[in-house]
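Here the structure is laid out as structure tokens; the discussion comes afterwards.
Every number for a ligand or one of its atoms is a count from 1 in the order of the listing. Residue numbers count from 1 along this sequence.
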Amino acid sequence: MAQVYERVALIGLGLIASSMVHGMREQGLAGEVVGTARSADTRDTAREIGLCDRIVDTAAEAVKDADLVVLCVPVGAMGAVAEEIAPYLKKGVTVSDVGSTKRAVIEAVSPHMPEHATFIPAHPLAGTEQSGPRSGFAALFHNRWCLMTPEGDVDAGALEKLKELWQGLGSNIEFMEPDHHDLVLAVTSHAPHLIAYTMVGVADDLRRVTDSEVVKFSAAGFRDFTRIAASDPTMWRDVFLSNKEATLEILGRFTEELFALQRAIRTGNGDHLFDYFTRTRAIRRGIIEAGQDTDAPDFGRGGSKG
Ligand code: NAP
């Protein structure tokens with residue numbers, strides 16, 4: 001694949017950034033990739049594993065002469081990073097991000113962007129419960145969506161190039177209005193994570209009662225919850241704090257449905273349970289047909305990442 005950018009700067013070197021590096025390398029999408037992270041530990045690890053072409057100590061240094069800057073830090077840190085890099089951005093640069101929520105990131109980053117920079121918020125819908133510079137792999141974005149949420153008049157050339165980069169990484173692109181993005185993700189990702197965290201917390205309380213039986217006999221359903229609940233605490237704290245309204249709206253609806261199911265169990269209303277589970281089974285089939293998961297019995301994991 002052809003080179004899209006001469007120099008790309010990645011701020012933050014976790015799962016998403018390191019996967020981008022591997023993908024860009026594999027596909028030859030960038031002339032040079034410069035990276036930086038907050039802690040010396042992470043920068044040292046990145047140097048040790050040869051993650052980027054160059055690892056520098058500060059974000060200001062990283063963005064110097066970059067054609068594309070991607071903010072790959074937790075959502076709550078985006079504003080401070082944007083403020084730090086703003087004076088050092090070159091004319092004509094594209095600044096993007098990979099944050100899991102979009103309205104809060106736009107509000108935090110936009111005020112710091114100089115006239116000569118184009119800000120295009122984006123969110124690759126791909127991840128694992130792993131984090132840090134060693135966790136990345138090129139295939140993470142293959143056949144996954146990358147949602148772009150630019151607002152107002154955005155330079156068409158800049159938009160086209162960023163699209164090309166994500167397509168080169170294997171993603172499918174869709175444009176979305178930021179608030180709509182946040183609502184959709186509250187349903188598909190944020191609320192399910194909170195439910196997984198809660199279920200694992202409840203089981204942990206129970207474990208004290210049943211002497212580790214919960215873990216010993218943990219069935220696939222619960223193991224999936226524990227996998228999700230092992231996700232990075234900083235990232236997920238920031239996701240909920242920055243997508244408050246949409247998450248609360250979905251959790252409100254979830255609680256109502258849960259009460260209805262609880263009532264059906266109490267009153268022995270098998271028809272209600274059967275109809276409900278029939279409907280949800282059809283949703284699962286739709287996801288498989290859309291190519292967003294596999295119907296292998298173990299979710300196709302079989303020791304592979306993700
Ligand atoms: P990660 O593996 O936890 O790495 C986060 C990186 O951000 C680290 O390099 C960390 O530096 C740096 N960082 C943390 N706090 C910071 C702060 N206050 N100031 C500056 N840098 C800071 O994270 P990730 O999973 O790649 O996630 C990065 C972004 O992608 C987040 O916004 C997340 O919402 C989004 N995202 C994640 C997923 C997913 O499933 N993981 C999927 C899609 C989008 P140190 O290592 O030096 O602490």
Using distance alone, determine whether [X] and ligand 1 share an N or O pair under 3.5 Å.
X: Gly127; result: no
X: Leu13; result: yes
X: Thr42; result: yes
X: Val239; result: no
X: Gly132; result: yes
X: Ala37; result: no
X: Gln130; result: no
X: Arg38; result: yes

Can you list the ligand 1 atoms lying under 4.0 Å from a non-hydrogen atom of [X]?
X: Gly99; result: 32 (O)
X: His123; result: 43 (C), 44 (C)
X: Pro124; result: 43 (C)
X: Val98; result: 29 (C), 30 (O), 35 (C), 36 (N), 44 (C)

I need the Glu84 CD to Thr58 OG1 distance, nearest 0.5 Å.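 If I round to the nearest 0.5 Å, the distance is 6.5 Å.
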Value rounded to 0.5 Å, distance of OG1 in Thr247 from CD1 in Ile250: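 CD1 of Ile250 is found 8.0 Å from OG1 of Thr247.
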Ion pair [X]/[Y], N-O distance below 4.0 Å:
X: Arg103; Y: Glu151; value: yes
X: Arg25; Y: Asp53; value: yes
X: Arg253; Y: Glu249; value: yes
X: Asp41; Y: Arg134; value: no

To check your reading of the model: name the closest protein heavy atom to [atom], its residue, and the distance in Å.
atom: atom 33 (C) of ligand 1; answer: Ser100 OG, 3.5 Å
atom: atom 31 (C) of ligand 1; answer: Val73 O, 3.3 Å
atom: atom 27 (O) of ligand 1; answer: Ile16 CG1, 4.1 Å
atom: atom 19 (N) of ligand 1; answer: Ala77 CB, 3.7 Å
atom: atom 3 (O) of ligand 1; answer: Ser131 CB, 3.5 Å
atom: atom 25 (O) of ligand 1; answer: Leu15 CB, 3.8 Å
atom: atom 4 (O) of ligand 1; answer: Gly14 CA, 3.2 Å
atom: atom 39 (C) of ligand 1; answer: Met235 CE, 3.7 Å

Quick one: does ligand 1 sit under 4.0 Å from the side chain of [X], the backbone, both or neither, non-hydrogen atoms only?
X: Ala80; value: neither
X: Ser135; value: neither
X: Cys72; value: backbone

Mind telling me whether Trp236 and His193 have parallel, tilted or perpendicular rings, with 30° and 60° as the class edges?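 Correct class here is parallel.
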For a 4.5 angstrom cut-off between non-hydrogen side-chain atoms, does [X] reach [Y]?
X: Leu13; Y: Cys52; result: yes
X: Phe222; Y: Val200; result: yes
X: Leu140; Y: Leu15; result: yes
X: Asp67; Y: Lys161; result: no

Closer than 4.0 angstrom: is that true for some heavy atom of Thr128 and an atom of ligand 1?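 A heavy atom of Thr128 does come that close to ligand 1.
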Close approach of Ser19 to ligand 1, heavy atoms, under 4.0 angstrom: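 Flag not set, Ser19 not near ligand 1.
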Report yes or no: do Ile173 and Ile120 belong to one cluster of Ile/Leu/Val/Met/Phe/Trp/Tyr joined by side chain heavy-atom distances under 4.5 Å?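 Yes; Ile120 is reachable from Ile173 via cluster members.
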At their closest point, which heavy atom of Arg43 faces which heavy atom of Thr36, and how far apart are they?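 Closest heavy-atom pair between Arg43 and Thr36: CD-OG1, 3.9 Å.
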Option whose closest heavy atom lies nearest to atom 13 (N) of ligand 1, chosen from Ser189, Pro74, Ala59, Ala40: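 Minimum heavy-atom distance to atom 13 (N) of ligand 1 goes to Pro74.
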Partner of Phe119 under side-chain contact (heavy atoms from CB on, under 4.5 Å), chosen from Val154, Val93, Val69, Asp97: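 Per the side-chain contact (heavy atoms from CB on, under 4.5 Å) rule, the option paired with Phe119 is Asp97, out of Val154, Val93, Val69, Asp97.
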Within 45° of the axis and under 6.0 Å from the centre of the six-membered ring of Tyr276, does NZ or CZ of Arg279 qualify?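 That pair qualifies as a cation-pi contact.
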Would you say atom 43 (C) of ligand 1 makes contact with the protein, given that contact here means a non-hydrogen protein atom less than 4.0 Å away?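 Under the 4.0 Å cut-off, atom 43 (C) of ligand 1 does have protein heavy-atom neighbours.
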